[in-house]
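Model, not experiment: these values are computed from the prediction.
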Amino acid sequence: MVDEELVEQVQQGNIHLFNQIVEKYKNRMFKLAYSFTYNYTDCEDLCQEIFILAFKKINSFNFKCKFSTWMYRIATNRCIDWQRKNARINNKIISIDTNDDWTGRSFSICQTPEDDYINYEQNKALHDALATLDIKYRLPIIMYHFQGMKYREIGEVLEIKERTVETRIYRGKQKIRQILLENNLRGECYEMQSGKS
């Protein structure tokens, strides 16, 4: 059953079908929430809040956009609210599965323990830099590189133009490179893989 059919059924009173929506989106919502909380327990709580909020608002979904867009919009707004209330976030780092090769290179395959350590340090520095970005740059980068979303989809969720999404991702990458260079790290080691929207 496609999203819209599930939503229609839930709106008609078959609320048990909302569990299928949760199952479909839980991993994506967890990944998004974790990029804000950087803490497993906080992330679980935030995900639960996202789905509770989505359930409460499900009747307001009017089928004028894709359900996934609506769902991401709710999740993003809730995550931003969470971040505003938790200032300690600025002191933490992103720790997402390093198999997500958003940098254009893989940090998961190493030939020696020394290579492993160097790659770990490079990956940590990259994620530290990402964590310092303003939310307007960080969020599109997370959606594009970690969620695999297209510029158009990100624009719909954030309610900004597709060109603005592209610009923010580009400027965010530039800021990350600058941070790495200021920390005496080789920016070219962290070149992010570009993709087509």
Side-chain angles (χ1 to χ4, degrees), residues 1-86 89 94 96-97 99-102 130 133-170 172 192-197:
M1 195 178 297
V2 299
D3 286 350
E4 286 69 24
E5 292 175 346
L6 279 171
V7 172
E8 190 173 16
Q9 289 291 318
V10 173
Q11 288 177 340
Q12 291 173 0
N14 297 318
I15 59 175
H16 65 280
L17 291 176
F18 190 77
N19 289 333
Q20 292 186 35
I21 294 173
V22 173
E23 285 300 311
K24 181 172 183 180
Y25 284 92
K26 66 180 182 180
N27 289 338
R28 282 180 272 183
M29 294 301 103
F30 186 91
K31 210 169 189 182
L32 178 63
Y34 195 83
S35 68
F36 283 83
T37 66
Y38 315 118
N39 175 280
Y40 187 86
T41 302
D42 287 342
C43 181
E44 284 190 320
D45 292 343
L46 184 53
C47 281
Q48 186 174 13
E49 291 176 22
I50 288 168
F51 284 115
I52 289 172
L53 189 57
F55 180 75
K56 287 180 177 178
K57 293 188 172 187
I58 195 79
N59 287 327
S60 71
F61 179 69
N62 57 17
F63 301 92
K64 290 183 179 179
C65 66
K66 289 172 62 177
F67 178 74
S68 59
T69 299
W70 183 84
M71 190 71 202
Y72 269 107
R73 194 171 292 154
I74 284 179
T76 300
N77 289 336
R78 181 65 197 94
C79 287
I80 291 172
D81 287 343
W82 186 94
Q83 185 181 42
R84 287 174 181 153
K85 294 175 183 176
N86 293 270
I89 193 112
I94 293 177
I96 298 176
D97 185 357
N99 288 319
D100 286 328
D101 189 18
W102 70 291
L130 178 60
L133 291 185
D134 185 280
I135 191 66
K136 76 176 184 179
Y137 299 117
R138 181 156 52 99
L139 192 53
I141 287 176
I142 289 168
M143 289 179 160
Y144 183 68
H145 288 287
F146 291 114
Q147 299 284 324
M149 297 172 70
K150 306 288 187 186
Y151 291 159
R152 175 184 52 78
E153 295 172 319
I154 297 169
E156 289 173 357
V157 170
L158 300 180
E159 298 180 301
I160 57 178
K161 293 180 180 178
E162 191 173 325
R163 180 65 180 170
T164 304
V165 173
E166 184 177 7
T167 299
R168 289 184 182 179
I169 290 174
Y170 174 79
M192 290 179 240
Q193 185 177 27
S194 60
K196 294 183 179 180
S197 60

K.L.:
Could you go step by step and tell me if Y170 and E166 meet the side chain to side chain donor-acceptor pair (under 3.5 Å) rule?
P.N.:
CA-CA 6 Å; Y170 174 79; E166 184 177 7; over 6 Å; no
K.L.:
Can you tell if the side chain of K136 reaches within under 4.5 Å of the side chain of I160, non-hydrogen atoms only?
P.N.:
no
K.L.:
Hey, what do you get for CD (E8) to CG (N14), rounding to the nearest 0.5 Å?
P.N.:
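Answer rounded to 0.5 Å: 10.5 Å.
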K.L.:
What verdict does the side chain to side chain contact (heavy atoms under 4.5 Å, CB included) test give for M71 and R28, after you've listed the backbone C-alpha separation in whole Å, the side-chain angles of each residue and the deciding distance to 0.1 Å?
P.N.:
CA-CA 10 Å; M71 190 71 202; R28 282 180 272 183; over 6 Å; no
K.L.:
With heavy-atom distances below 4.5 Å as the criterion, would you say the side chains of M29 and Y72 are in contact?
P.N.:
yes
K.L.:
For the residue pair W70 and A54, what are the closest heavy atoms and their distance?
P.N.:
CH2-O, 3.5 Å
K.L.:
When rounded to the nearest 0.5 angstrom, what distance separates NZ in K64 from OG1 in T69?
P.N.:
15.0 Å
K.L.:
Decide side chain to side chain contact (heavy atoms under 4.5 Å, CB included) for E5 and Q9; before the verdict, give the C-alpha distance in whole Å, the side-chain angles of both, and the deciding distance to 0.1 Å.
P.N.:
CA-CA 6 Å; E5 292 175 346; Q9 289 291 318; 5.6 Å; no
K.L.:
Let me confirm one number: the CG-CG distance from N77 to L158, rounded to the nearest 0.5 Å.
P.N.:
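Result: 9.0 Å between the selected atoms.
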K.L.:
Using a 6.0 Å cut-off, check whether atom CD of E44 has over 12 heavy atoms from anything other than its own residue.
P.N.:
yes
K.L.:
Take K66 and E153 through the test side chain to side chain contact (heavy atoms under 4.5 Å, CB included) and record every step on the way to the result.
P.N.:
CA-CA 10 Å; K66 289 172 62 177; E153 295 172 319; 3.8 Å; yes
K.L.:
Would you say C79 and I50 make side-chain contact, with heavy atoms under 4.5 Å?
P.N.:
yes
K.L.:
May I ask you to test the E159-R73 pair for a side-chain heavy-atom distance under 4.5 Å?
P.N.:
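They are in side-chain contact.
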K.L.:
Heavy-atom count around L53 CG within 6.0 Å, excluding the residue itself: above 12?
P.N.:
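Count over threshold, so yes.
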K.L.:
State the OG1-CG distance between T76 and L32, to the nearest 0.5 angstrom.
P.N.:
5.0 Å
K.L.:
Taking it one step at a time, do F67 and I58 satisfy side chain to side chain contact (heavy atoms under 4.5 Å, CB included)?
P.N.:
CA-CA 10 Å; F67 178 74; I58 195 79; 3.8 Å; yes
K.L.:
Are side-chain heavy atoms of I21 and F55 found at a separation under 4.5 Å?
P.N.:
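In short, these two side chains do not touch, never coming nearer than 4.5 Å.
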K.L.:
Check whether any side-chain heavy atom of Y25 sits under 4.5 Å from a side-chain heavy atom of S68, and report yes or no.
P.N.:
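Yes, at least one pair of side-chain atoms sits under 4.5 Å.
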K.L.:
Taking the side chain as every heavy atom from C-beta outward, state whether F61 and D3 have any atom pair closer than 4.5 Å.
P.N.:
no
K.L.:
Using a 6.0 Å cut-off, check whether atom OH of Y40 has over 12 heavy atoms from anything other than its own residue.
P.N.:
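12 or below, so no.
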K.L.:
Measuring from atom CD1 of I154 to atom OG1 of T164, what distance do you get when rounded to the nearest 0.5 angstrom?
P.N.:
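So the gap between those two atoms works out to 12.0 Å.
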K.L.:
Looking at every heavy atom in both E162 and Y151, which two are closest together, and how far apart are they?
P.N.:
CG-CB, 3.5 Å
K.L.:
Hey, are the side chains of L6 and K24 touching, using non-hydrogen atoms and a 4.5 Å cut-off?
P.N.:
no
K.L.:
Just verifying a value: how many Å separate I169 CD1 and Y137 OH, rounded to the nearest 0.5 Å?
P.N.:
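One gets 12.5 Å once the value is rounded to the nearest 0.5 Å.
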